[in-house]
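Lettering of chains follows the sequences in order, A, B, ..., and the numbering in each one begins at 1.
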Amino acid sequence: MATNCKDYDFRQIEPHWQSFWEERKSFRADNSSAKPKYYVLDMFPYPSGAGLHIGHPEGYTATDIIARYKRAKGFNVLHPIGWDAFGLPAEQHAVKTGTHPATNTAANITNFKRQIKALGFSYDWEREFATTDPDYFRWTQWIFLQLFSRGLAYVDERPVWWCPELRTVLANEEIVDGKSEVGGFPVERRNLRQWVLRITAYAERLLSDLKDVDWPDSTKRMQEAWIGRSEGAEILFALEDAKLGTLKIFTTRPDTLFGCTYMVLAPEHPLVEALTTVDHRAAVDVYKKKAAAKSDLERTDLAKDKSGVFSGSYAINPVNGARVPIWIADYVLMGYGTGAIMAVPAHDERDFEFAQKYSLPIPRVIAGPAGDEKLPYTGDGTLINSPGYDGLAWPDAKKKITNELAARDIGKATVNYKLRDWLFSRQRYWGEPFPIVWVDESDYAKAKAARSNTLPENPVTFAEGGKKLFALPLPSGALPLQLPDVQSYLPSGTGESPLANVPDWLEIWLNYETGAALPASQPKPAGDAWLRGRRETNTMPQWAGSCWYYLRFLDPKNPDAFASPEALKYWGVPDLYVGGAEHAVLHLLYARFWHKVLFDLGAVPQAEPFTKLFHQGIILGEDGEKMSKSRGNVVSPDAIIASHGTDTLRLYLMFLGPLEAMKPWSMKQIEGVFRFLQKVWRECVTAEGGVNPKISADAAEPTELTKLLHETIKKVGDDIEALRFNTAISQMMIFTNALQKAPVASRATVLAFVQLLAPFAPHLTEELWERLGEKPSVQNAPWPKFDPTRLTATEVKLVFQVDGKHRGDQLVPVGLTQDQAMEIARANPRVAPFLAGRSIRRVVFVPGKILNVVTQ
RNA sequence: GCCCGGGUGGCGAAAUGGUAGACGCUGGGGACUUAAAAUCCCCUGACCGCAAGGUCGUGCGGGUUCGAGCCCCGCCCCGGGCACCA
């Protein structure tokens with residue numbers, strides 16, 4: 001039943017149809033269907049306390065239009081939503097108020113859900129879940145165990161930000177100007193035990209498989225740059241003091257070996273100690289200390305002014321036996337390559353700058369184009385001053401020298417990546433606990449005998465207090481491992497998470513066969529399978545839950561697997577993934593990594609998770625600035641829904657400009673789309689609420705209107721497919737203007753138009769559809785088809801140009817020859833004067849478009 | 001510094017190498033109304049002209065082409081990403 005309002009009363013219409021959809025579960029996606037499937041996904045929202053901001057509905061409206069359009073096109077559409085609900089803000093709130101983060105998270109989800117429902121999106125709410133649901137994170141933990149057993153997870157001491165005042169570990173984004181964001185306290189680097197995932201093992205595939213996905217080029221390039229593959233060679237330099245062994249360096253330019261005049265070690269390099277001679281020890285120690293105190297940020301800030309100290313030692317250049325001084329400088333990073341380089345100042349900007357500062361020789365070994373004598377020279381060229389190789393093009397020399405070094409067993413071609421392994425743990429409460437128990441060596445050996453298939457080839461170990469501990473995973477049957485309740489959400493003073501403060505959860509008797517656990521404070525249970533263990537106190541980062549949620553949507557209630565093989569086969573991966581460009585690297589790279597691991601396990605059928613990706617742009621405030629509370633330019637979806645309705649909001653968000661563009665909000669412009677919807681209403685419904693009498697089944701509407709309808713069907717369909725919603729809306733406005741001018745219109749025409757508008761303004765169109773006498777709902781009607789024969793005109797406007805200048809135009813029959821067109825041009829009173837008395841040099845004729853007469 | 005993306009009316013924006021400014025907003029004029037709102041009609045890039053019409057015009061300077069907002073070269077400005085990766 002439609003409402004009975006007389007004018008366009010969105011306050012009645014929108015809630016009415018929202019409950020209609022809700023009651024009928026109109027958007028439920030069936031896991032078995034003969035229809036082709038279409039999976040369209042929004043990036044997982046974090047339910048923050050601030051509620052929805054206007055950027056959320058922008059992307060969500062786009063995917064909702066696609067979802068509704070694809071349903072009308074006969075697809076079985078999966079359009080789900082859920083909550084990325086672990087995370088820092090809830091934990092900070094808990095620290096402040098003492099309430100459990102779950103309480104706050106649940107309240108935020110309720111609010112987000114209310115807001116999202118008010119926008120009328122066609123989500124399948126039966127598939128909703130949150131990453132904090134034990135039924136969900138059970139599988140997050142399960143996937144971690146798969147990574148663990150394949151040797152892709154390990155433990156290492158890593159430097160993290162520690163704030164002594166707050167007694168907590170802080171994420172990078174919580175540090176502002178070297179101080180804690182909260183309170184402005186000093187922070188320091190501290191080495192803490194961390195879980196690390198071996199994403200670098202997938203570097204090559206993460207890079208090469210980018211060619212198979214339909215993503216924005218900029219995003220692909222960002223991932224490529226992040227992975228940062230470079231081909232070069234590792235070369236061993238003998239040390240002058242032979243008993244110290246050799247020095248291994250990485251270079252991408254082995255061809256410049258003859259130009260190497262010094263070596264540089266990172267201050268943290270293990271050989272620094274041994275290579276520093278007595279005379280230089282004091283200076284080196286001071287330098288090392290200074291470098292260690294610098295944060296990454298400071299180290300890069302000071303990049304402009306290079307610094308270093310001489311170690312006092314020398315290496316021997318393997319190609320010419322030259323004695324090369326070894327320097328220590330922090331422009332070389334321990335984390336990349338081998339932490340040591342051969343410096344070739346003539347052909348590297350950084351080495352050049354350094355060599356100039358410390359007056360080191362800068363011999364040229366690559367010749368550029370004649371006359372280009374400027375150094376450093378990093379361009380193409382041939383070798384000089386390199387006995388035995390002079391005249392070779394550098395890429396050839398690179399191969400030749402690498403091969404010769406390899407033959408002498410002092411070098412080999414290698415590939416290096418900038419990509420680092422993924423620091424996967426947080427010293428926090430509000431995250432997935434690791435399903436890991438630390439045990440001693442003999443207990444590990446015992447468990448290994450029974451559970452070898454769940455353990456990595458090489459055990460994950462960690463030395464603490466002189467004891468070597470072994471990481472024993474819980475059996476998957478014991479998942480989920482839930483978070484215990486804690487007294488305080490502050491971390492323990494040692495830098496461990498608050499979980500370290502719960503002795504009965506932490507110190508346990510573990511049954512290694514079942515995963516059952518009892519507090520260690522109780523007597524050891526009977527049976528051989530019980531071990532003494534301490535649980536892992538780290539929790540997983542927020543990325544973990546968002547790494548695989550798109551798979552759980554396929555089969556969210558499945559108790560036996562993260563998704564059934566049937567569901568995985570039928571739905572596959574999202575056909576379209578829409579979200580902000582801020583996730584271009586981290587989320588999208590991490591999810592690809594996990595997906596590939598699952599693919600290697602045979603757990604998912606395809607190697608890439610997101611075949612087509614699109615980034616919506618940012619919506620700025622009316623002042624053209626980024627929306628923010630402090631600027632006071634924030635637009636709330638709630639307020640717009642109250643004042644103009646969600647159909648107007650949706651339509652306006654899409655009409656603003658191209659989806660991918662950054663664009664300012666405007667309260668004046670929204671009136672335009674509101675007027676458009678009111679006009680559509682008036683064309684269909686009289687002031688008394690009846691059907692507009694100009695609409696009838698047998699109306700002899702103008703043929704131009706019919707033609708325009710078919711053009712509109714085509715354009716709106718094409719534009720939706722290409723996510724060009726702004727021009728689709730323009731076209732519908734053009735049609736509505738024509739409809740208004742037409743004295744009569746056929747019911748079929750009006751109905752087809754209502755259908756075109758339905759994905760954009762679903763509430764209004766449901767109402768009109770029923771008022772026009774159709775059975776609800778417009779969502780069930782198949783998408784209108786355009787008739788190509790209606791699109792062909794018999795007459796077209798031909799533009800006349802003389803010497804490239806527009807001199808007139810005229811309607812002409814289609815299929816004109818050039819000669820006929822010339823004749824018409826000569827006869828055209830506007831064109832003729834420009835042709836009079838000129839000789840024609842050339843005529844360019846594009847049928848149906850243009851006739852350009854080129855004169856002398 | 002390097003890598004991307006973008007500069008079009010008063011504003012948001014349209015334009016397979018083929019009439020630049022569709023559509024919308026704003027502004028001006030008119031119709032309807034006792035009046036207002038709403039609605040409808042006309043105009044709305046700049047300059048010249050009574051008009052017909054003409055000239056100029058897509059950040060700047062060149063180029064290719066019968067024809068360039070679109071392609072090429074060199075600049076300027078704005079936005080985003082990366083940050084000594086050997």
Side-chain angles (χ1 to χ4, degrees), chain A residues 7 216-222 224-226 228-230 232 249-253 256 264 266 296-297 299-306 329-333 335-344 347-351 353-354 416-420 581-582 584-585 615 617-618 620 624 626 651-652 655-658 660-673 675-676 678-679 682 724 726-737 740-741 797-809 829-830 833 841-846 848-855:
Chain A
D7 50 4
D217 279 342
S218 57
T219 305
K220 285 191 185 187
R221 270 193 287 265
M222 271 160 80
E224 277 167 16
W226 192 265
R229 182 184 199 276
S230 60
I249 59 102
F250 173 74
T251 177
T252 55
R253 296 293 300 273
T256 59
V264 183
D296 286 356
L297 212 74
R299 247 169 109 153
T300 49
D301 266 0
L302 296 171
K304 280 155 197 87
D305 194 18
K306 298 222 171 359
D330 65 4
Y331 81 89
V332 171
L333 309 173
Y336 183 78
T338 62
I341 61 157
M342 65 175 207
V344 184
H347 304 289
D348 182 284
E349 313 250 0
R350 298 151 298 178
D351 298 346
E353 197 189 320
F354 189 85
N416 248 297
Y417 300 93
K418 279 201 269 185
L419 183 68
R420 306 294 159 76
E582 65 272 21
V585 176
H615 300 305
I618 294 170
L620 306 171
K626 221 168 183 171
L651 209 66
Y652 178 58
F655 188 63
L656 269 172
E660 67 276 18
M662 182 185 286
K663 52 225 160 205
W665 179 267
S666 154
M667 223 38 222
K668 273 190 180 155
Q669 293 234 69
I670 199 171
E671 298 295 341
V673 290
R675 284 205 280 263
F676 164 65
Q678 287 176 302
K679 191 186 282 190
R682 280 197 311 272
R724 288 188 305 246
N726 54 331
T727 48
I729 293 166
S730 294
Q731 182 65 30
M732 290 191 281
M733 287 173 167
I734 292 169
F735 177 83
T736 306
N737 290 343
Q740 183 190 56
K741 289 187 177 71
K797 192 191 268 183
L798 185 66
V799 172
F800 301 117
Q801 292 185 345
V802 177
D803 297 326
K805 284 207 163 120
H806 178 231
R807 295 300 182 191
D809 51 57
R830 307 257 288 270
R841 192 156 60 97
R842 190 177 159 187
V843 176
V844 180
F845 179 57
V846 182
K849 285 254 163 84
I850 204 158
L851 179 79
N852 186 11
V853 182
V854 186
T855 68

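Residue Asn416(A) is classed as having no contact, given no heavy-atom separation below 4.0 Å to the nucleic acid. Met732(A) comes within 4.0 angstrom of no nucleic acid atom, judged by non-hydrogen atoms across all strands. At the heavy-atom level, Lys418(A) lies under 4.0 Å from base atoms of the strands shown. Residue contacts shown for Lys741(A) are limited to sugar-phosphate atoms, with no base heavy atom under 4.0 Å away. Among the protein residues, Phe655(A) comes within range of the nucleic acid bases, having at least one heavy atom under 4.0 Å from a base atom. Counting any heavy atom pair closer than 4.0 Å across all strands shown, Thr727(A) reaches sugar-phosphate atoms only and no base atom. Counting non-hydrogen atoms under 4.0 angstrom, Lys797(A) reaches a base of the nucleic acid. Counting any heavy atom pair closer than 4.0 Å across all strands shown, Lys849(A) reaches a base atom.
Atom name C1', nucleotides rG81(B) and rC42(B): the rounded distance is 49 Å, in whole Å. Distance check on atom P: rU33(B) versus rG27(B) gives 25 Å, rounded to whole Å. Nucleotides rU58(B) and rG7(B) place their P atoms 14 Å apart, quoted to the nearest Å. Atom C1' of rG62(B) sits at a distance of 28 Å from the matching atom of rA14(B), rounded to the whole Å. Atom P of rU8(B) sits at a distance of 14 Å from the matching atom of rC78(B), rounded to the whole Å. rA37(B) and rG29(B): their P atoms are spaced 13 Å apart (whole Å).
Atom pair Asp330(A):CG and rA86(B):P shows a separation of 18 Å (rounding to whole Å applied). One atom, CD1 of Ile734(A), and another, C1' of rA13(B), lie 13 Å apart when rounded to the nearest Å. rU19(B) atom P lies 6 Å from atom CD1 of Ile850(A), rounded to whole Å.
In the set rC66(B), rC41(B), rG12(B), rC66(B) carries the atom at the smallest distance from any side-chain atom of Arg842(A). Looking at the side chain of Ser730(A), the nearest of the listed nucleotides rG12(B), rG79(B), rA22(B) is rA22(B).
Base orientation for rG67(B): anti, the chi torsion being more than 90° from 0.
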Between the protein and nucleotides 51-57 of chain B, list every N/O to N/O distance that falls short of 3.5 Å.
| from | atom 1 | to | atom 2 | distance (Å) |
| --- | --- | --- | --- | --- |
| rU55(B) | OP1 | Arg807(A) | NH2 | 3.3 |
| rU55(B) | OP2 | Arg807(A) | NH1 | 3.4 |

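Across all strands shown, rG24(B) pairs with rC11(B); the Watson-Crick or G-U wobble distances both stay below 3.5 Å. Pair check for rA46(B) finds rU55(B); Watson-Crick or G-U wobble, both atom distances under 3.5 Å. Across the strands present, rA38(B) finds no partner; the criterion is a Watson-Crick or G-U wobble pair with both atom distances under 3.5 angstrom.
Proximity of Ile850(A) to Val844(A): side-chain heavy atoms (C-beta onward) are nowhere separated by under 4.5 Å. Looking at Ile670(A) and Trp665(A), their side chains come closer than 4.5 Å, going by heavy atoms from C-beta outward. Side-chain contact between Met733(A) and Phe655(A) is present, with at least one heavy-atom pair separated by less than 4.5 Å.
Ring geometry for Tyr331(A) against Phe354(A) counts as tilted: the plane angle lies between 30° and 60°, on a 0 to 90° scale.
Looking at every heavy atom in both residues, Lys306(A) comes nearest to Glu353(A) through NZ-OE1, 3.3 Å.
Here the straight-line distance linking atom NZ of Lys418(A) with atom OH of Tyr336(A) works out to 7.5 Å at 0.5 Å rounding.
With hydrogens and angles ignored, a donor-acceptor pair under 3.5 angstrom links the side chain of Lys306(A) to the base of rC84(B). Looking at Gln801(A), its side chain has no donor and acceptor atom pair within 3.5 Å of the base of rG67(B).
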* Where do Lys679(A) and Asn737(A) land on the side-chain contact (heavy atoms from CB on, under 4.5 Å) test, with the steps shown first? -> CA-CA 9 Å; Lys679(A) 191 186 282 190; Asn737(A) 290 343; 2.9 Å; yes
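Between the side chains of Asp803(A) and Thr855(A), a donor-acceptor pair is found at a separation under 3.5 Å.
Proximity of Asn737(A) to the phosphate of rG24(B): a side-chain N or O atom is located under 4.0 Å from OP1 or OP2.
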